[in-house]
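Counting starts at 1 for both ligands and their atoms, in listed order.
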Amino acid sequence: MIDTRTTSPIWHPFSQHKLEATFKKIVRTDGSYLIDEDGRSILDAISSWWVVTHGHRHPSITEAIRCASERYDQIIFAEYTHEPAEELARGLIALAPSNMAHVFYSDSGSTSVEVALKMALGFFHNRGAPRSRVIVMEHGYHGDTIGTMSAGERGVFNAAYAPLLFNVDTIPFPEPGSEQKTLDALEQFCRSSNAAALLIEPLVLGAGGMKMYPAHVLTEFRRITEHYGTLLIADEVMTGWGRTGSLLACDQLDILPDILCLSKGITGGALPLAATLCTAEIFDAHLSDDRRRTFFHSSSYTANPIACAAAVANLKVWRDEPVAERIQAVTKIHCEQLARFSSDARFANIRQQGTIAALDLTADTQGYLSEVGPRLRAFFRQRDVLIRPLGNVIYLMPPYCVTEADLCRAYSAIDEAADFIKRTAL
Ligand SMILES: *Cc1c(COP(=O)(O)O)cnc(C)c1O
């Protein structure tokens, strides 16, 4: 056990150190488990913040990392290229929506979205008809940089930085029955000649509370944005790589976005990497004899060869292993297990999309800072299950190798946690 008051100088993410000062050390990862310093196997029911898809340390991804690291370390990605990046780019274009033509690498989901926004504004700027307004969805989340916070839901997470955030146009979340309100708002924003892009998380809004909306709404988003020449940016950082049941959420309706953001599961969760894919039109708008039209963006670790090799290995796993069957198996267990809560007054809004399952605990206090969250986490920790509720929203997003027994154990823990919260109500 590490104590950040005494033995460690580390400042952890999303952690209030006054209230949570001690951290267990994880000494090894394996499949769907984190193994801690006491030798306990903790079920990673949220895929270590949604990155691990096939399971921790998938053998062929681990082997690809080992091999690549014997050949390469970081290589400057201006002036030079390398085979892992080339092979990965070809592979991404092959599996992406048919209009995706170019791949820009970066190193996190946030930067992939920053790149997408810069591509969108650069596109209009370079064509001599500048547009600068970004349309986003209520409850959206796109990262924690200043730009992506600007595009995300405003609240306790970014209140301190609000003076630095740029203004966006926000369409309401398409609640069942009021989808038209969302579409009307979108149309109104798009009608303004300054609407550069609609930035959305397709089908599932992750950090905003695992809020789900139907695919036909997405089709309408595409129709409206296309009509007004507003670019559609699909942030599939979370929804990509099988989470919603299909490889990409966009695949469920053959939606063709103009820009696609990928990260998290791109390496199977083994190493940090991101890619922003775009159409030929967007790339071509930056193609010029005039150097001022260059796409001015880079991170030091752009296209790290070892991370690219891990991602190439991930593509092979998708090609060679029964990943779709594993996803179907997880989906089926979610369906069966969620059914037991369907007429349970302790829970509301039971929902599922592919391998993501979520339900709201009907607690007195709501919202992310609801004290219910930390108490639930402590309960789950005692059960050796890693679940981090978003306020009163409890969700499961396991790696696809999770066993039926383990996933059922996570559901039992949720069942008991609800009783525990009730019993120990403040
Ligand atoms: C996690 C996430 C991001 C940010 O990714 P990071 O790698 O944490 O920067 C962006 N968009 C969505 C939809 C996400 O879920």
I135 and L199, any side-chain heavy atoms less than 4.5 Å apart: no
Heavy-atom nearest neighbour in the protein, as seen from atom 7 (O) of ligand 1, with distance rounded to 0.1 Å: G109 N, 2.8 Å
For atom 3 (C) of ligand 1, the protein heavy atom that lies nearest, with its residue and separation: V237 CG1, 3.7 Å
Close approach of K264 to ligand 1, heavy atoms, under 4.0 angstrom: yes
W50 near ligand 1 by a heavy-atom separation under 4.0 Å: yes
Backbone of H139 reached by a side-chain donor or acceptor of E153 within 3.5 Å: yes
Heavy-atom contacts with [X] under 4.0 Å: which atoms of ligand 1 show up? List them by number with element.
{"X": "S110", "value": "4 (C), 5 (O), 6 (P), 9 (O)"}
{"X": "E201", "value": "13 (C)"}
{"X": "M238", "value": "15 (O)"}
{"X": "S108", "value": "7 (O), 9 (O)"}

Do NZ/NE/NH1/NH2 and the carboxylate oxygens of [X] and [Y] come within less than 4.0 Å?
{"X": "K181", "Y": "D184", "result": "no"}
{"X": "K211", "Y": "E201", "result": "no"}
{"X": "E114", "Y": "K118", "result": "no"}
{"X": "R133", "Y": "D169", "result": "yes"}

From the candidates D107, D235, I200, the one that places a heavy atom nearest atom 13 (C) of ligand 1: D235
Parallel, tilted or perpendicular, as decided by the 30° and 60° cut-offs, for the rings of F77 and H82: tilted
